[in-house]
Amino acid sequence: FARTRDLPAVPVQHHHAHVVSCLAENGHTGPVIGIACDGTGHGDDGANWGCEIFRADLCSYERLGHLRYLPLVGGDGAAVETYRPAVAALFDAFGLECMEMDITGKLEAAPEAVRNAVEMLSIGVNCPPSSSLGRWFDAVAAFCRIADRNAYEAQAPARLEVAAREGIADSYSYRVTAGGPFVIDLRPMVEQIVTAAAGTDVGLISAKFHNTVVAFLADAAGRARSETGLDVVALSGGCFINRYLATRLEARLKAMGFAVLTHQQIPCNDAGVALGQAVIASARRSIASDRRGDRGQSGKPASLHRG
């Protein structure tokens, strides 16, 4: 809209804005290791992002790692009907063999819908790639048969959190592929869930899944520290509304020697994104002004202040 009116427009990546909203709330300018986890946000490579590990400050970011891309069956429909990311996860791990698995037949979806989803995945039609952590919460909720859809935002993840049993320390396996950026692969987790699904109580599956997320995000922070030398982590994105995840991840990171920045007043979900966008635009404007020689009396860009 701004561009159609010839107004100044500053493009800001969604997950960068999440991280900077956390920095702004905490009066921190960075750089930090930013961990942004949510349902979706447009990525620089055209994919849907949603589990991102950044080196970030108020002006810029570098993508250090992310979840392995999972196809979103039917695009936006995958955020509503939980069988869609569940089938995608099974197909990603097992290929066409997933159609013969008991867990696929027990998903709360019509057999024809599941077959159509597998066919779409097979030919790659209307299945955009996504690194979203939110869709993995949906998939596991579908495996557990506790939510067949999100009637409102994050309904399935909320039910999955409530179902998690306390006192469970175990987690599932995952792999990390080194590179620039590194990639977190959850196919080993899917294989273990399928193997143990029959007769395993939902509370155990949920707790182990949550613990797995804590484990791979803490692992990712450690890898990012080795790469950048940074020891401050900022956590943002709608997934951190989940108290089971947020409290355990914060504790794990602190035990690893990190300083951890979290949201206390500004929402961690998309309700807080506008703050990050405004701060990034302001910081970039300040740098552009500095380059023109217009630094003002102080000769320095404005700093952040809490309150």
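Predicted model only: the values in this text are computed from it and were never measured. Nothing fancy with the numbering, it's 1 onward along the sequence.
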A.B. asks: Classify the ring geometry of His18 against His15: parallel below 30°, tilted from 30° to 60°, perpendicular beyond 60°.
C.D. replies: tilted

A.B. asks: Which heavy atom of Met99 sits nearest to which heavy atom of Val118, and what is that distance?
C.D. replies: SD-CG2, 3.3 Å

A.B. asks: Between Glu62 and Ser60, is a side-chain hydrogen bond (donor to acceptor under 3.5 Å, both in side chains) present by the stated rule, with each step listed?
C.D. replies: CA-CA 7 Å; Glu62 177 187 3; Ser60 63; over 6 Å; no

A.B. asks: Indicate yes or no: at least one non-hydrogen side-chain atom of Val190 is less than 4.5 angstrom from one of Leu90.
C.D. replies: yes

A.B. asks: If you look at every heavy atom in Leu107 and Ala86, which pair is closest and at what distance?
C.D. replies: CD2-CB, 4.1 Å

A.B. asks: Counting only heavy atoms not in Arg285 (residues, nucleotides, ligands), do more than 12 fall under 6.0 Å from its CZ?
C.D. replies: no

A.B. asks: Is Asp45 atom CG crowded by more than 12 heavy atoms from other residues, nucleotides or ligands, each under 6.0 Å away?
C.D. replies: yes

A.B. asks: Keeping the roles fixed (side chain from Asn48, backbone from Gly41), state whether a donor-acceptor pair exists under 3.5 Å.
C.D. replies: no

A.B. asks: With the threshold set at 4.0 Å, does a side-chain nitrogen-carboxylate oxygen contact exist between Glu112 and Arg115?
C.D. replies: no

A.B. asks: Taking C-beta and beyond as the side chain, do Val183 and His66 meet within less than 4.5 Å on heavy atoms?
C.D. replies: yes

A.B. asks: Any luck finding a side-chain donor-acceptor pair between Asn26 and His263 under 3.5 Å?
C.D. replies: no

A.B. asks: Under 3.5 Å, is there a donor-acceptor pair between the Glu250 and Thr262 side chains?
C.D. replies: no

A.B. asks: Look at Arg187 together with Glu191 and state whether they make a salt bridge at an N to O cut-off of under 4.0 Å.
C.D. replies: no

A.B. asks: Any luck finding a side-chain donor-acceptor pair between Asp219 and Tyr174 under 3.5 Å?
C.D. replies: yes

A.B. asks: Would you kindly check if the NZ (Lys) or CZ (Arg) of Arg248 is within the cone defined by 45 degrees around the ring axis of Tyr244 and under 6.0 Å from the six-membered ring centre?
C.D. replies: yes

A.B. asks: Consider only side-chain heavy atoms of I, L, V, M, F, W and Y, link residues closer than 4.5 Å, and tell whether Ile193 and Met101 are in one cluster.
C.D. replies: yes

A.B. asks: With under 30° as parallel and over 60° as perpendicular, where do the rings of Tyr61 and His16 fit, or are they tilted in between?
C.D. replies: tilted

A.B. asks: Could you walk me through whether Asp138 and Arg84 pass the salt bridge (charged side-chain N to carboxylate O under 4.0 Å, His left out) check?
C.D. replies: CA-CA 9 Å; Asp138 291 341; Arg84 295 174 183 263; over 6 Å; no

A.B. asks: Could you go through the ring pair (Phe, Tyr, Trp, His ring centres under 6.0 Å) check for Phe209 and Phe143 one step at a time?
C.D. replies: CA-CA 11 Å; Phe209 169 69; Phe143 292 150; 9.4 Å; no

A.B. asks: What verdict does the side-chain hydrogen bond (donor to acceptor under 3.5 Å, both in side chains) test give for Glu161 and Ser206, after you've listed the backbone C-alpha separation in whole Å, the side-chain angles of each residue and the deciding distance to 0.1 Å?
C.D. replies: CA-CA 7 Å; Glu161 179 189 2; Ser206 177; over 6 Å; no

A.B. asks: Pairing donors with acceptors under 3.5 angstrom, does anything connect the side chains of Glu52 and Ser131?
C.D. replies: yes

A.B. asks: For Glu119, does the CD atom sit with more than 12 other heavy atoms under 6.0 Å from it, leaving out its own atoms?
C.D. replies: no

A.B. asks: Between Leu217 and Phe240, which heavy-atom pair has the shortest distance, and what is it?
C.D. replies: CD1-CZ, 4.3 Å

A.B. asks: How far apart are the closest heavy atoms of Ile35 and Val19, and which atoms are they?
C.D. replies: N-CG2, 4.4 Å

A.B. asks: Taking all non-hydrogen atoms of both residues, which atom of Ile146 and which atom of Arg159 are closest, and how far apart?
C.D. replies: O-NH1, 3.2 Å

A.B. asks: Give a yes or no on whether the backbone of Ile33 and the side-chain of Arg55 come within a donor-acceptor separation of less than 3.5 Å.
C.D. replies: no

A.B. asks: Pair up each side-chain donor or acceptor in residues 73-80 with any protein partner under 3.5 Å, not counting sequence neighbours, and list the distances.
C.D. replies:
none

A.B. asks: Taking side chain as C-beta onward, heavy atoms only, is Val87 less than 4.5 Å from Leu121?
C.D. replies: yes

A.B. asks: Just checking, Arg63 and Phe54: is the charged tip under 6.0 Å from the six-membered ring centre and within 45° of the axis?
C.D. replies: no

A.B. asks: Would a 4.5 Å heavy-atom cut-off, applied to side chains only, mark Ser132 and Leu70 as touching?
C.D. replies: no

A.B. asks: Using every non-hydrogen atom in the two residues, find where Thr212 and Ser171 come nearest and quote the distance to one decimal.
C.D. replies: OG1-CB, 3.6 Å

